[in-house]
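Atoms considered below: every heavy atom in the structure, side chains included; atoms not considered: hydrogens, waters and symmetry mates. Model, not experiment: these values are computed from the prediction.
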Amino acid sequence: IMGKRQLGELQPSEFVIAILISNIATLSIEDTDIPLIGAVVPIITLMSAEVILSYITLKSPKMQVLVTGNPVVIIRNGNIDQQNMRNLRFSIEDLMSQLRINGIFDIQDVAWAIVETNGQLTVFPKSDSQPLTQKILSDPKSQSSFPPMVLISDGVLCSNVLKECNLTEKWLEGVLKKEELSEKEIFLMT
């Protein structure tokens, strides 16, 4: 009912709801003096609140940012953004561990490292550190130094991505005009 995600992919609010539901269910199972309805009502209330909050965050980008936050770039072109690391309370040990998990042992091999809203680190290696693929062999110019980033999601412009990629709204308007589209008509643009 609440959606299909694994434990490591849960947002903090979803994780808290899951823990609360398990605690409420455990109380009624352990103590036979507590009527079953005393557990069912709070569980249904918490599930309903989570489903409603998920729906609201799906429809409102501002609410989504408020509830889940934004991904944060902590490495750009091999350079660590120390301020973002401090803001996230992300230590060098955490960073190095996550890089190793992603198969990266040298920070200089990283084009982009992004801490996702669920706390996991996504790493995009520099072009000379990426594995060789058939696509790169057939078209060496296809190799990019930027990971694909969402510009428009469900008809809503992600202005922070425009800034991150040094793009302007005027450039985007030109692209949309050329394709004869509006932002509202686009489900996903990267």
Side-chain angles (χ1 to χ4, degrees), residues 2-6 8-14 50-81 83-85 87-88 90 95 98-99 101-104 107 109-190:
M2 291 174 46
K4 295 183 179 184
R5 288 194 190 180
Q6 294 185 15
E9 298 172 345
L10 293 177
Q11 296 297 333
S13 63
E14 295 168 332
E50 178 57 33
V51 169
I52 290 168
L53 184 62
S54 294
Y55 179 78
I56 292 170
T57 58
L58 184 63
K59 295 298 179 187
S60 169
K62 289 180 182 177
M63 188 66 175
Q64 183 176 14
V65 169
L66 182 67
V67 172
T68 64
N70 280 324
V72 177
V73 176
I74 59 172
I75 298 178
R76 284 182 188 84
N77 199 27
N79 297 316
I80 299 172
D81 187 327
Q83 186 59 46
N84 283 348
M85 294 264 300
N87 292 344
L88 294 172
F90 213 80
L95 175 62
Q98 289 295 315
L99 287 174
I101 288 169
N102 281 283
I104 304 287
I107 290 176
D109 291 339
V110 178
W112 294 83
I114 303 166
V115 178
E116 303 295 347
T117 58
N118 63 3
Q120 292 184 343
L121 186 72
T122 301
V123 179
F124 186 77
K126 288 183 178 176
S127 57
D128 60 352
S129 299
Q130 292 178 8
L132 192 58
T133 64
Q134 183 66 36
K135 183 178 179 182
I136 294 170
L137 283 173
S138 62
D139 183 12
K141 293 181 180 180
S142 69
Q143 207 169 10
S144 174
S145 59
F146 284 98
M149 299 176 105
V150 177
L151 290 175
I152 298 177
S153 173
D154 203 8
V156 178
L157 174 65
C158 303
S159 56
N160 60 327
V161 174
L162 279 177
K163 292 175 194 169
E164 190 73 47
C165 296
N166 295 323
L167 301 172
T168 64
E169 288 191 33
K170 190 171 187 167
W171 169 84
L172 182 60
E173 287 171 10
V175 170
L176 294 176
K177 187 175 182 179
K178 179 181 171 186
E179 297 295 326
E180 298 177 359
L181 292 169
S182 72
E183 280 180 30
K184 300 293 180 200
E185 296 175 291
I186 298 175
F187 181 70
L188 174 66
M189 179 180 181
T190 59

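Taking CD from Q98 and CD1 from I74, the interatomic distance works out to 8.5 Å, rounded to the nearest 0.5 Å. Taken from NZ in K184 to CD1 in I152, the straight-line distance is 9.5 Å, to the nearest 0.5 Å. Summarising the geometry, atom CG belonging to N70 is positioned 10.5 Å from atom CD belonging to E116; distances are rounded to the nearest 0.5 Å. Separation of atoms NZ (K59) and CG (D154) is listed at 6.0 Å; rounding is to 0.5 Å.
Contact check for L176 versus E173: no side-chain heavy atoms found under the 4.5 Å cut-off. The side-chain heavy atoms of D109 and P125, taken from C-beta on, include no pair separated by under 4.5 Å. For the pair T190/L151, no side-chain contact is recorded, criterion being any heavy-atom separation below 4.5 Å from C-beta on. Side-chain contact between V175 and M189 is present, with at least one heavy-atom pair separated by less than 4.5 Å. Contact check for V156 versus E183: no side-chain heavy atoms found under the 4.5 Å cut-off. Side chains of V123 and L121 form a contact here, defined as non-hydrogen atoms less than 4.5 Å apart.
Contact detail for T117 and P71: the closest heavy-atom pair is CG2-N, 3.8 Å.
Between N87 and Q83, the side chains place a donor N or O and an acceptor N or O closer than 3.5 Å (distance only, hydrogens not considered). A donor and an acceptor atom, one from each side chain of Q64 and S60, are nowhere located under 3.5 Å apart.
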Would I75 and L99 satisfy side-chain contact (heavy atoms from CB on, under 4.5 Å), going step by step from the backbone distance to the final call?
CA-CA 11 Å; I75 298 178; L99 287 174; 4.2 Å; yes

Criterion side-chain contact (heavy atoms from CB on, under 4.5 Å) on V110 and F124, from CA distance to verdict
CA-CA 6 Å; V110 178; F124 186 77; over 6 Å; no

Q.
Applying side-chain contact (heavy atoms from CB on, under 4.5 Å) to R76 and D81, what does each step give before you reach the verdict?
A. CA-CA 7 Å; R76 284 182 188 84; D81 187 327; 3.2 Å; yes

From CA spacing to verdict: side-chain contact (heavy atoms from CB on, under 4.5 Å), L157, L172: CA-CA 10 Å; L157 174 65; L172 182 60; 3.2 Å; yes

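In this structure E180 satisfies the side chain to side chain contact (heavy atoms under 4.5 Å, CB included) test with no other residue, sequence neighbours excluded.
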